Amino acid sequence: MPLSIENLDAYRLAISLNRSIAALDFPKNRAHLRDQGVRAADSVVLNIAEGMGRGRLTNAGKNHMRIAKGSLLEVYAVLDLLNKADQHRVDIERLDRLLYGLQR
């Protein structure tokens with residue numbers, strides 16, 4: 001039996017983005033950005049999961065979606081610093097809209 005988040009578009013997209021970030025080839029002199037980007041991408045996934053677990057319509061659930069959105073923008077900033085943001089822009093914009101809907 002699938003968990004409730006497995007069919008959630010935002011969760012699936014966050015997992016996909018997370019895997020893409022983890023697989024990127026970062027320059028050696030920017031290893032710190034790899035760590036930051038992966039942690040932020042992890043935070044997006046984990047906060048979506050926790051927010052849904054707490055109840056999307058509760059204040060706690062909405063707060064987790066806001067945190068996920070902040071982490072998503074952090075992922076974007078890391079990619080932008082590496083000149084790789086355009087490669088992921090469509091997915092980031094879509095996930096941003098989905099998170100906005102989940103926090104309303």
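Bear in mind the structure is a predicted one, so any value in this text is a computation, not a measurement. By convention here, the first residue in the shown sequence is residue 1.
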Going through the distances and angles, do Lys28 and Arg30 end up as a side-chain contact (heavy atoms from CB on, under 4.5 Å)? CA-CA 5 Å; Lys28 290 197 187 308; Arg30 304 293 253 177; over 6 Å; no
Discussion item. Would Leu102 and Leu8 count as a side-chain contact (heavy atoms from CB on, under 4.5 Å) here? Give the steps.
Written reply: CA-CA 10 Å; Leu102 288 170; Leu8 186 67; 4.3 Å; yes
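- Residue Ile48 forms a side-chain contact (heavy atoms from CB on, under 4.5 Å) with just one option from Leu99, Leu72, Leu13, and that option is Leu99.
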For this session: Check the pair Arg12 / Asp9 against salt bridge (Lys or Arg N to Asp or Glu O under 4.0 Å), numbers first and verdict last.
Result: CA-CA 5 Å; Arg12 288 195 325 266; Asp9 286 343; 2.7 Å; yes
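- Closest approach of Ser71 to Ser43, counting heavy atoms only: OG-OG, 2.8 Å.
- The minimum heavy-atom distance linking His64 with Gly51 is given by the pair CB-CA, 3.5 Å.
- Between Ile21 and Leu79, the closest side-chain pair of non-hydrogen atoms falls below 4.5 Å.
- The shortest heavy-atom contact between Met65 and Asn47 is CE-O, 4.5 Å.
- In this structure, Asn29 places its CG atom where more than 12 heavy-atom neighbours from other residues, nucleotides or ligands lie under 6.0 Å away.
- Contact between Ala49 and Ile5 at its shortest, heavy atoms only, is CB-CD1, 3.8 Å.
- Hydrophobic clustering, with ILVMFWY side chains joined whenever heavy atoms are under 4.5 angstrom apart, groups Val38 together with Val45.
- Taken from CG in Leu33 to NZ in Lys84, the straight-line distance is 11.0 Å, to the nearest 0.5 Å.
- With a 4.5 Å cut-off on side-chain heavy atoms, Leu82 and Pro27 count as touching.
- Closest approach of Arg54 to Ala60, counting heavy atoms only: CD-CB, 3.8 Å.
- Note: Met52 CE to Thr58 OG1 = 10.0 Å, rounded to the nearest 0.5 Å.
- Between Val78 and Phe26 the shortest side-chain heavy-atom distance falls below 4.5 Å.
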**OP:** Any chance you could lay out the side-chain contact (heavy atoms from CB on, under 4.5 Å) test for Leu46 and Glu50, step after step, and finish with the verdict?
**Re:** CA-CA 6 Å; Leu46 296 173; Glu50 188 166 356; over 6 Å; no
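- Using a 4.5 Å cut-off on side-chain heavy atoms (C-beta onward), Leu24 and His88 make contact.
- Taking every heavy atom of both residues into account, Asp96 and Lys69 meet most closely at OD1-CE, 2.8 Å.
- To the nearest 0.5 Å, atoms CD (Gln36) and CZ (Arg34) are separated by 12.5 Å.
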Go through the steps to decide whether Val44 and Leu95 satisfy the test side-chain contact (heavy atoms from CB on, under 4.5 Å), and finish with yes or no. CA-CA 10 Å; Val44 174; Leu95 185 50; 4.0 Å; yes
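- Summarising the geometry, atom CZ belonging to Arg66 is positioned 5.0 Å from atom CG belonging to Asn63; distances are rounded to the nearest 0.5 Å.
- The hydrophobic cluster containing Leu73 does not contain Ile67, counting ILVMFWY residues as joined when their side-chain heavy atoms lie under 4.5 angstrom apart, directly or transitively.
- Atom CZ of Arg19 is surrounded by 12 or fewer heavy atoms from other residues, nucleotides or ligands within 6.0 Å.
- Here the side chains of Gln87 and Arg89 are not in contact, with every heavy-atom distance at 4.5 Å or above.
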